[in-house]
Amino acid sequence: MDEKYFPAAIEKKWQHRWQESRAFEVKADDPRPKFYCLEMLPYPSGYLHMGHVRNYSIGDALSWYKRLQGFNVLHPIGWDSFGQPAEQAAIKRGVNPRDWTEENIKHMSGQMHRLGISYDWSREIAAHRPEYYKWDQWFFLKMLERGLAYKKTSAVNWCPKEKTVLSNEQSSGGICWRCGTAVEKRDLEQWFLRITDYAEQLVNDIAEIEATWSEKVLKRQRDWVGRSEGAYIDFAVKENDRKIRVFTTRIDTIYGATAIVLAAEHPLLSDLLAGSALQADVEAFAQKVKAARAAKQDPTVVEEKEGLNTGALAVNPFSGEHVPIWVANYVLMEYGTGAVMSVPAHDERDFEFAQRYTLPIRQVIAPISHDQAQVEPVTGAMDQSVEMHQAFTEYGVLINSGDWGGKLSGAAITEMTEEAHTKGFGEAAITYRIRDWGISRQRFWGAPIPIVYCDECGAVPVPMDQLPVVLPETAEFTGTGESPLKSVAEFVNTTCPKCQRPAQRETDTMDTFVDSSWYFFRYCDPHNHDAPFDPQLAAEWTPVDQYIGGDSHAVMHLIYTRFWTKVMRDLGLVSFNEPVKRLLTQGMVTNQVEGTDDWKAMSKSLGNGVDPDEMIAAYGADAARVFVLFAAPVENELRWSEAGVEGAIRFLRRAYTMVWRWHERLSNPVDSRQTFKSEELSQGARQLQRKTHQTIARITRDFEQLHLNTSVAQLMELFNALMDFNAEPATASAGDVSTVREALYALVIMLTPFSPHASEEMWEGLGHQGGLLMSEARWPVADKELAQQEELEIPVQVNGKLRSRVKAALDVTEDQLRTAALADGKVQAALTGREIVKVIIVPQRLINIVVR
RNA sequence: GCCGGAGUGGCGAAAUUGGUAUACGCACUAGACUCAAAAUCUAGCGAGGUCACACUCAUGUCGGUUCGAGUCCGACCUCCGGCACCA
């Protein structure tokens, strides 16, 4: 140990030692309890940014905490290394995506080492290496076998800038998740995964993680799955044997249906119109709607409702009434059945549509008055259209609804659905907003989809024993929107696995979210050649105990990985429903944009980025990490402050100096290991001892909740208490030395999750050999009695206002307290001329004297 | 528009979940050291008030419950996120 704190030297020294001793490599066959701490794997863009630093600092703090508590901690890292930027680099600068990616990985793992993150590097994985993506292909074939993967032509989301397809999740809000460009619709043949088969489970299993995932994330997942309970109802088409099935959540409003409205793409449309004079008009209209939708620029704009009467009529199965069939732009083919019953009186959209085309608006639900739960008086001839200024969309009581009149909405919904079922014109139904996951990408830099197209046999899966289908070394990167693989003849041309005749390979590659859907299972068994992972090994480590990442993946990655886990469960690979026990979505790291008052996420274009390497060079990794964890609660936005980092290094330096002052005395074997009863200690020592144990208790509690900022604050307080104690190493009594030892040990060990290098150095300075993990360093345990105050200071209030404080022994009785409080001078002053109504005593806490 | 989350010093924040509001840090001010500055150390630091106390006011606003409210309830205001005609 040197006299001065030189982070650069200390950090290098310990990073080297950790690497040499393989300090963070773990095995599953270890008697200690296991803990799996996982951070979202990064895309190897080339450089770590502060968001990464924050992410890994949080995960590393928790890993060290658990490790020091005696857990066998799996803390792995890998690379989400397929994807767009590598291909862009190839298109723009002609570099090979593989070389570019490997370079970036090399640089970024260097940065991670310089940050001193305690990863088990023996388990490192990278998605772009064949030994990894072989298993993406294996999973795809398994899903194909089970009917969970299929191919279809459909209108897919197309990003015109990136020139590729996007999944629904990736084009949420109508904009590309990567570049923010408005997406278009294109008809393409694509491979899909049947995530909709798991829609129900994706909602129901939320119950298992409700307590440990943030409400923010769960809400977005629920919304994304979009479960909706209602009923299908068949409306017969008049003078035609066809039926139109609609989905509704409000069957209780069916007597108010004044039209049936179809989506422009509805398959029945051409049938309905066959031979009709309107056929050409309606088809032109449908084309116009589709074109408008495809070309839509601003996805947030809701277009004005437009429609056209087809001239055909449908029969309301409840009332027998004939209603016109319309086509309109506001009905979506993708949701429900692509047809709705239009109830203008009780649906805002139908109301707007009816107003525009002067369709009748018929009220069939009346509000319930709140005090009496009774129907408000309905006057006049309600079976006629009445004047309404807006739709009444709440539940109420049925009116103008034949025999159903007078029923409450809730009961009517149940009973009318039953009736529809009994009579055979409908049934209860649940629909979902979530769509199947389109995974085909017109890209080179991804896992090839293992399919061969044969003129004779059609789409043939590549046999398992021929995996992996390996990407060629390179291709021609033109950026045209077609997969570059199409131009690689050696790749495309193959033979049919079934009939051995010449055939062509699928040239689309998989969405990179496939790679990240199961990667953390691979960490459990990263070198397995025969399977994605050994289920036994996975069972040892998974589910993940704590997952940490940004909330930008609240829908995409986290819903895919939940789906993938359920599929793996059905394949017999795992035995649970949910892959992640606890999820933390960390806040953004922001910095002030120069010349403004705005704090925005760090970015190159805004010029407010901070380079982690520069911070490490200037202050050391430890100080940077302490600042990042101290400055804000983990889930809050973190505002970057160089002054804050300086504060962090100041604290580390002071702690280091304190250890330096004591290290000789504490390494001295003469008075090492002596223990004292607290009554043998000086008053100052007793105070320090109390602070030590209070701090241990509070930090331990805080760590369980990941309240890392307050943990650092507690450590600073403990340090301040050591300063206040102010004993001289040369002259201190054995009791004082023993107390200081306990406090310093606690300080150094509890500082480890935040500044591991400095802690290692200080721990060694205190006379321990072999590093924290090899010596007897253990997370300290608080002694409740030692943490207990000897004397209480009880605040005294008069009418809820603080007037004084009285000292009292721990075992003081209520009577004694009351007497002491009433005898207090300040209290008496506040009581003069008043009458005491009562005295409230909260044991150990407070006295409140109520006066009049 | 609908749905979530949040409003506490100059700033980041804390408050044992209804019981001493502002811990810890940043910034700032003064002092020590220095020829001087930086660094370091010491002290101060919500507002008003006072020589100093006392005292009064203060957790977005207004009201309520309670002996007691940053915390619970109601209404409103502001900011930040998410969703986009989902029948």
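Order of the sequence lines fixes the chain letters, A, B, ..., with proteins taken first and strands second; residue numbering starts at 1 for each chain. No hydrogens, no waters, no symmetry mates; every other heavy atom, side chains included, goes into these values.
- In the set B/A23, B/A13, B/G25, the nucleotide with an atom closest to the side chain of A/F630 is B/G25.
- Residues forming a ring pair (Phe, Tyr, Trp, His ring centres under 6.0 Å) with A/F425 (at least two apart in sequence, or on another chain): A/F318.
- Regarding the sugar-base torsion, B/G9 falls in the syn class, its angle being within 90° of 0.
- Spacing of P atoms, B/G12 relative to B/C67, comes out at 37 Å, to the nearest Å.
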* Derivation of the ring pair (Phe, Tyr, Trp, His ring centres under 6.0 Å) call for A/W326 and A/Y357 -> CA-CA 11 Å; A/W326 285 65; A/Y357 292 101; 5.1 Å; yes
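- A/V340 comes within 4.0 angstrom of a nucleotide base, judged by non-hydrogen atoms across all strands.
- For RNA chain B, if you chain together Watson-Crick or G-U pairs that step i with j, i+1 with j-1 and so on, the runs of at least three with distances under 3.5 Å are B:1-7 with B:77-83, B:10-12 with B:24-26, B:28-32 with B:40-44, B:46-48 with B:55-57, B:60-64 with B:72-76.
- Using atom P as the reference point in both B/U8 and B/G4, the two lie 22 Å apart (nearest Å).
- For the C1' atoms, the distance linking B/A13 with B/U59 amounts to 13 Å, nearest Å.
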For residues 800-810 of chain A, dump all side-chain donor-acceptor pairs below 3.5 Å to protein atoms at least two apart in sequence or in another chain.
residue : atom : partner : partner atom : Å
A/S804  : OG   : A/D824  : OD1          : 3.2
A/S804  : OG   : A/D824  : OD2          : 2.9

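- Comparing A/K219 and A/E637, the nucleotide of RNA chain B nearest to each residue sits closer to the 5' end for A/K219.
- Straight-line distance from the NZ atom of A/K801 to the C1' atom of B/A69: 14 Å, rounded to whole Å.
- For RNA chain B, the residues of residues 717-727 of chain A within the heavy-atom distance limit of 4.0 Å (strictly under) are A/E717, A/N720, sorted by number.
- The CD atom of A/E215 sits 17 Å away from the P atom of B/G82 (whole-angstrom rounding).
- Of the side-chain N and O atoms in A/N709, one or more sit less than 4.0 angstrom from OP1 or OP2 of B/A14.
- Among the nucleotides B/G12, B/U16, B/A87, the one closest to any side-chain atom of A/R639 is B/G12.
- To the nearest angstrom, P of B/A87 lies 9 Å from CG of A/D347.
- Among residue pairs with one or both ends in residues 834-850 of chain A, those qualifying as side-chain hydrogen bond (donor to acceptor under 3.5 Å, both in side chains) are A/E835-A/R852; sequence neighbours excluded.
- Close to B/U16, at under 4.0 Å from its OP1 or OP2, lies no side-chain N or O of A/R698.
- Between A/N636 and the phosphate of B/A13, there is a side-chain N or O to OP1/OP2 separation shorter than 4.0 Å.
- Within the cation-pi definition used here (under 6.0 Å to the ring centroid, within 45° of the axis), A/K305 does not qualify as a partner of A/F353.
- In terms of polar N and O atoms assigned as donor or acceptor, the side chain of A/R803 never comes within less than 3.5 Å of the base of B/U20 in a complementary pairing.
- Protein atom CD of A/Q797 is 11 Å distant from nucleotide atom C1' of B/A69, rounded to whole Å.
- The CZ-P distance, from A/R222 to B/C83, rounds to 17 Å in whole Å.
- Counting only heavy atoms from C-beta outward, the side chains of A/Q828 and A/L822 never approach each other to under 4.5 Å.
- When only modelled atom types and interatomic distance are considered, A/E169 and A/Y560 share a side-chain donor-acceptor pair under 3.5 Å.
- No engagement by A/G226 is indicated, since no non-hydrogen atom pair under 4.0 Å with the nucleic acid exists.
- Dashed line: the shortest gap from a side-chain N or O of A/S228 to OP1 or OP2 of B/A87 is under 4.0 Å.
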* Report the C-alpha distance between A/Y619 and A/Y5 in whole Å, list the side-chain angles of each, state the deciding distance to 0.1 Å, and finish with yes or no for ring pair (Phe, Tyr, Trp, His ring centres under 6.0 Å). => CA-CA 11 Å; A/Y619 306 101; A/Y5 174 55; over 10 Å; no
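- Using modelled atom types, no side-chain atom of A/D2 and backbone atom of A/K4 make a donor-acceptor pair closer than 3.5 Å.
- Base engagement by A/R845 is indicated by at least one non-hydrogen atom pair under 4.0 Å involving a base atom.
- The CG atom of A/L846 sits 12 Å away from the P atom of B/A69 (whole-angstrom rounding).
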* Asked: Given the rule in the salt bridge (charged side-chain N to carboxylate O under 4.0 Å, His left out) test, do A/R625 and A/D622 qualify, once you have shown the distances and angles that lead to the verdict?
  -> CA-CA 5 Å; A/R625 292 171 57 170; A/D622 281 340; 5.1 Å; no
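- The gap from the P atom of B/U20 to that of B/C53 amounts to 23 Å, rounded to the nearest Å.
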* To do: Go through the steps for A/E717 and A/K691 under the test salt bridge (charged side-chain N to carboxylate O under 4.0 Å, His left out), then give the verdict.
  => CA-CA 9 Å; A/E717 282 193 49; A/K691 185 71 186 175; 2.8 Å; yes
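- Closest to the A/M716 side chain, of the nucleotides B/C83, B/G25, B/A13, is B/G25.
- Anti is the conformation of B/U34, whose glycosidic angle sits further than 90° from 0.
- Here the separation of B/G10 from B/G46, taken at their P atoms, is 10 Å to the nearest Å.
- To the nearest whole angstrom, the two P atoms, one in B/A27 and one in B/U22, are 23 Å apart.
- For A/W177, the ring pair (Phe, Tyr, Trp, His ring centres under 6.0 Å) test picks out A/F513, with sequence neighbours left out.
- Residue A/D223 is out of contact with every strand shown, counting any heavy-atom pair closer than 4.0 Å.
- Listed nucleotides B/C26, B/G19, B/C83 differ in distance to A/R650; the shortest reach to its side chain belongs to B/C26.
- Rounded to whole Å, the separation between the P atoms of B/A15 and B/C33 comes to 41 Å.
- Atom P of nucleotide B/G81 and atom CD1 of A/I175 are separated by 13 Å, given to the nearest angstrom.
- As a whole-Å value, the separation of A/D551 CG from B/G81 C1' is 8 Å.
- Counting non-hydrogen atoms under 4.0 angstrom, A/V555 reaches nothing in the nucleic acid.
- Taking atom C1' on both B/C85 and B/C2, the two are 12 Å apart, rounded to the nearest angstrom.
- Place A/R653 and A/A339 on RNA chain B by their nearest nucleotides, and A/R653 ends up nearer the 5' end.
- Comparing B/A13, B/G19, B/C85 against the side chain of A/P633 picks out B/A13 as the nearest.
- A salt bridge does not link A/R433 to A/E334: none of the charged side-chain nitrogens sits closer than 4.0 Å to a carboxylate oxygen.
- Proximity note for A/K305 (side chain, C-beta onward) versus B/C67, B/U20, B/C85: the nearest is B/C85.
- For A/R654, a side-chain nitrogen or oxygen approaches OP1 or OP2 of B/C41 to under 4.0 Å.
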